[in-house]
Amino acid sequence: MIFATRALLPQGWADNVRLGIAEGRIASVETGAEAGAGDARVDTLLPALSNLHSHSFQRAMAGMTEYRAAGRESFWTWRELMYRFLDRLTPEQVEAIAAMVFLEMQEAGYAAVGEFHYVHHRPGGAPYDDIAELSTRIFAAAGATGIGLTHLPVLYSYGGAGKKPLAGGQLRFGNDVDRFGALVQAARAAARGLPADTRVGVAPHSLRATAPDDLAAALPLAAGGPVHIHIAEQPQEVADISGWLGARPVEWLLNNTSVGPGWCAIHATHMTAEETAGLARSGAVAGLCPITEANLGDGPFNGPGWLAAGGAFGIGSDSNIRISLVEELRTLEYSQRLRDVERNVMVTGPGSVGTALYTGAAAGGARAMGREAGAIATGDWADLVAIDSTHPTLCALNEAQLLDGLVFAAPDGLITDLWSAGRHAVRGGRHIARDRVVPAYRHAVKELVGGL
Ligand code: ZN
């Protein structure tokens with residue numbers, strides 16, 4: 001049982017809320033309750049968000065590409081360092097880095113992660129003896145931290161638009177559709193040993209890394225799980241796809257695939273007004289990664305157009321340059337304000353922006369993950385986060401202002417407790433596996449970076 005002084009329920013704030021948890025799910029919600037003797041007691045309880053988009057290994061590169069070399073720095077020069085990492089990265093390092101990243105996510109308030117997993121093979125491209133070796137390393141990291149996992153093995157067949165061959169670091173990603181099918185099957189089999197909230201979907205990497213016929217053949221492999229795809233992140237990508245397929249990426253997706261509920265369009269940055277409205281109305285979730293998009297210089301998302309068309313969104317930490325849930329939401333809103341020279345943008349009609357961002361990302365994120373979560377409701381997975389509303393940043397605020405304070409004013413350390421499908425991973429602001437996970441991470445990155 002969990003007892004909260006206050007909790008954000010689907011109908012709004014409630015006082016003295018007691019939750020019963022059974023088999024990882026919320027079994028009962030009682031308001032105006034009294035605490036029981038053995039209850040976990042917290043101050044303010046919120047539904048915990050899903051982090052819908054992560055490439056965990058990239059965390060080890062954070063801070064290594066923030067200097068200006070000759071010429072214009074761009075996404076593509078960042079990608080060069082990522083490929084150098086890939087010449088060295090071992091399965092043990094993949095696991096140690098993922099565990100560190102998942103731990104940091106839980107301490108930041110994320111109960112679950114969508115791991116968009118595209119490094120599959122050995123350096124040079126030869127498969128491991130177990131084709132799903134690196135998927136099982138991600139599973140081990142999820143197991144070590146208790147985070148909820150939606151695993152998204154990535155189909156990556158080409159080095160660029162128009163079926164360019166793979167080269168260099170990309171060889172570790174490469175599969176044709178047949179081998180990708182075997183990989184998904186092996187990952188699903190390995191995932192059977194994981195907790196019941198684990199999901200396996202599929203992720204065609206992007207239109208530039210697949211082709212129309214491959215995409216059509218790969219989509220059935222989702223078997224009811226979520227489909228994630230990077231789309232329209234960079235102007236160069238829009239130009240390349242337009243030149244090759246005769247349509248802009250999102251336009252092509254809308255006209256040639258079943259894109260809709262169950263899909264998550266990662267980034268969806270460079271869209272026309274028609275593409276924005278069309279994709280929003282399709283029911284696909286926009287997978288926004290505001291900190292990474294700012295870091296890579298991608299550009300801002302069309303928030304007002306998306307919300308006006310009734311679009312759902314969630315957030316992801318993508319490159320994991322920084323893992324902060326509140327900063328992710330804040331950056332999303334501020335990117336809109338800076339572009340539009342306006343305040344309070346990511347909300348439809350009058351109301352609290354912090355609440356709209358938080359509850360919107362909770363519901364959309366869970367939907368994109370194929371995860372029954374995103375609200376404190378009976379039957380959902382117990383993805384819960386507790387914050388301390390007596391912290392100086394929040395203590396002057398009333399309930400209606402609390403999420404505005406959390407999103408716009410708070411430091412990162414307000415989280416006291418976090419449960420991922422009932423697994424109580426963060427207690428007193430600290431992850432219970434910290435003492436094991438951090439030394440393993442230090443060892444792994446020392447080894448990895450030492451040879452660069
Ligand atoms: Zn990504």
Side-chain angles (χ1 to χ4, degrees), residues 50-62 65 74-83 85-86 89 94 97-98 101-102 104-105 110 112-120 134-135 138 149-161 169-170 172-174 201-210 226-238 240-241 249-250 253 263-271 284-301 313-323 328 331-332 335 361 364-365 368-369:
S50 291
N51 180 339
L52 58 69
H53 189 67
S54 159
H55 313 288
S56 54
F57 80 91
Q58 293 178 8
R59 177 64 172 153
M61 293 166 54
T65 60
S74 71
F75 169 85
W76 309 100
T77 54
W78 170 87
R79 203 174 68 160
E80 277 167 29
L81 177 76
M82 193 254 284
Y83 286 173
F85 252 67
L86 291 174
L89 197 65
V94 166
I97 297 168
V101 170
F102 295 166
E104 290 184 284
M105 288 176 184
Y110 295 112
V113 60
E115 180 68 14
F116 196 103
H117 176 75
Y118 60 88
V119 185
H120 301 301
L134 295 186
S135 288
I138 299 296
L149 178 68
T150 291
H151 187 59
L152 299 157
V154 171
L155 173 65
Y156 199 116
S157 304
Y158 306 105
Q170 294 171 334
R172 296 193 75 175
F173 317 157
V202 299
H205 178 273
S206 56
L207 293 181
R208 66 187 149 82
T210 52
V227 176
H228 287 216
I229 185 168
H230 288 126
I231 199 88
E233 179 177 9
Q234 289 281 326
Q236 183 67 53
E237 174 195 348
V238 176
D240 289 351
I241 296 300
V250 170
L253 212 59
W263 282 62
C264 183
I266 306 297
H267 303 305
T269 306
H270 298 281
M271 299 191 287
V285 175
L288 309 177
C289 309
I291 295 176
T292 295
E293 288 155 12
N295 181 267
L296 294 178
D298 288 346
F301 175 69
F313 69 93
I315 54 166
S317 58
D318 194 1
S319 71
N320 297 306
I321 173 77
R322 178 155 158 70
I323 298 169
E328 211 70 73
T331 305
L332 172 57
S335 67
M369 301 270 287

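Note that ligands are numbered from 1 as they come in the structure, with each ligand's atoms numbered from 1 the same way. Residue numbers start at 1 and run along the sequence shown.
- Under 2.8 Å from the Zn ion (ligand 1) lies no N/O/S atom of Glu233, from backbone or side chain alike.
- For the atom pair Glu104 CD and Asn51 CG, the distance stands at 11.5 Å (nearest 0.5 Å).
- With the Zn ion (ligand 1) as the vertex, atom NE2 of His230 and atom NE2 of His55 span an angle of 110° (nearest 10 degrees).
- Rounding to 10°, one obtains 90° for the angle at the Zn ion (ligand 1) between OD1 (Asp318) and NE2 (His53).
- For residue His267, no N/O/S atom approaches the Zn ion (ligand 1) to within less than 2.8 Å.
- Here the OG1-CE distance, from Thr65 to Met82, works out to 11.0 Å after rounding to the nearest 0.5 Å.
- No close placement of the Phe173 and His205 rings is indicated, their centers lying 6.0 Å or farther apart.
- Residues His228 and His230 place their aromatic rings such that the two centres sit no closer than 6.0 Å.
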